[in-house]
Amino acid sequence: MTTNETAQQNAPVSELEKRNIRRMSGEESNRISRECLRTALMQLLSEKDFQKISVTELAQRAGVSRATFYRNYSDKEALLREIGETAALEIQSFLRATRTPEDVYQSALGLFRKIKENERVTKNMVSFRISLSAVLAIPPLAEQEEPPADAAAHYWHLAVEGAVMNIIRDWMVNGMQQSPEEMARVCASLASEVRTWLAG
């Protein structure tokens with residue numbers, strides 16, 4: 001076996017190759033390429049700082065060309081921003097089901113655990129700051145949907161969502177020193193106090 005053949009065998013499998021799909025044209029091809037690029041960036045962020053990741057390395061890990069990268073993103077910052085926006089929407093999907101302080105505890109616990117499990121990636125995103133601004137730019141759920149008939153429930157949900165978003169941001173910026181369980185308890189306690197205040 002030649003040196004080149006050995007190197008090819010040992011080369012990491014790209015995200016595109018893992019999906020084992022034929023290349024498509026148009027919108028579907030771009031969607032798949034974007035998925036591969038997002039996954040590749042998340043993997044690379046777990047290995048090194050964002051500033052040290054090149055577009056070439058990112059494209060290679062994703063299994064796409066540089067031209068494909070630039071067809072989908074203006075720069076790597078735009079890709080990171082998209083990941084941040086997706087994370088913000090995931091946070092909102094957790095909060096969507098919250099109707100009681102108990103719901104808040106379980107939802108918040110899941111959120112804080114997920115963030116903590118991806119601590120290196122999260123710290124890279126925090127240090128770059130783009131993703132945090134993306135989180136704050138997402139409109140509250142209460143502005144995206146029909147408000148509930150009960151005004152108090154509407155404002156409780158809005159208050160809890162805003163508070164949890166800000167608590168998550170502060171926890172991330174300050175190094176995630178408290179446990180996910182402790183942070184979930186803080187969120188649930190706050191939700192209970194807001195409900196009491198609105199009822200009073």
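- Listed by chain and residue number, Tyr105, Ala108, Leu109 satisfy the side chain to side chain contact (heavy atoms under 4.5 Å, CB included) test with Ala184 (two or more places apart in sequence, or in another chain).
- With values rounded to the nearest 0.5 angstrom, Ile115 atom CD1 is found 9.5 Å from Met183 atom CE.
- If you take OG on Ser74 and CZ on Arg81, they are separated by 6.5 Å, rounding to the nearest 0.5 Å.
- Listed by first and then second residue, the salt bridge (Lys or Arg N to Asp or Glu O under 4.0 Å) pairs involving residues 42-51 are Glu47-Arg61, Lys48-Glu57 (not counting sequence neighbours).
- Taking CG of Leu58 as the start and CG of Leu44 as the end, the distance is 6.0 Å to the nearest 0.5 Å.
- At least one donor-acceptor pair under 3.5 Å links the side chain of Ser46 to the backbone N or O of Gln43.
- Atom CD of residue Gln60 and atom CZ of residue Arg66 lie 9.5 Å apart, to the nearest 0.5 angstrom.
- For Ser65, the side-chain hydrogen bond (donor to acceptor under 3.5 Å, both in side chains) partners at least two apart in sequence or on another chain are Thr68.
- Among residue pairs with one or both ends in residues 175-187, those qualifying as side-chain hydrogen bond (donor to acceptor under 3.5 Å, both in side chains) are Arg113-Glu181; sequence neighbours excluded.
- A distance of 9.5 Å separates CZ in Arg38 from CG in Asn72, rounded to the nearest 0.5 Å.
- Taking Phe69 as the reference, Tyr73 meet the ring-ring contact (aromatic ring centres under 6.0 Å, His included) condition, with sequence neighbours excluded.
- For Ser54, there are no side-chain hydrogen bond (donor to acceptor under 3.5 Å, both in side chains) partners two or more places apart in sequence or in a different chain.
- Residue pairs meeting the ring pair (Phe, Tyr, Trp, His ring centres under 6.0 Å) criterion with at least one member in residues 164-190, sequence neighbours excluded, are Phe112-Trp171.
- Distance check, rounded to the nearest 0.5 Å: CZ of Arg34 to OG1 of Thr39 gives 13.0 Å.
- Asp170 and Asn166 share no side-chain donor-acceptor pair at under 3.5 Å.
- In terms of the side chain to side chain contact (heavy atoms under 4.5 Å, CB included) criterion, residue partners of Val186 (sequence neighbours excluded) are, by chain and number, Ile167.
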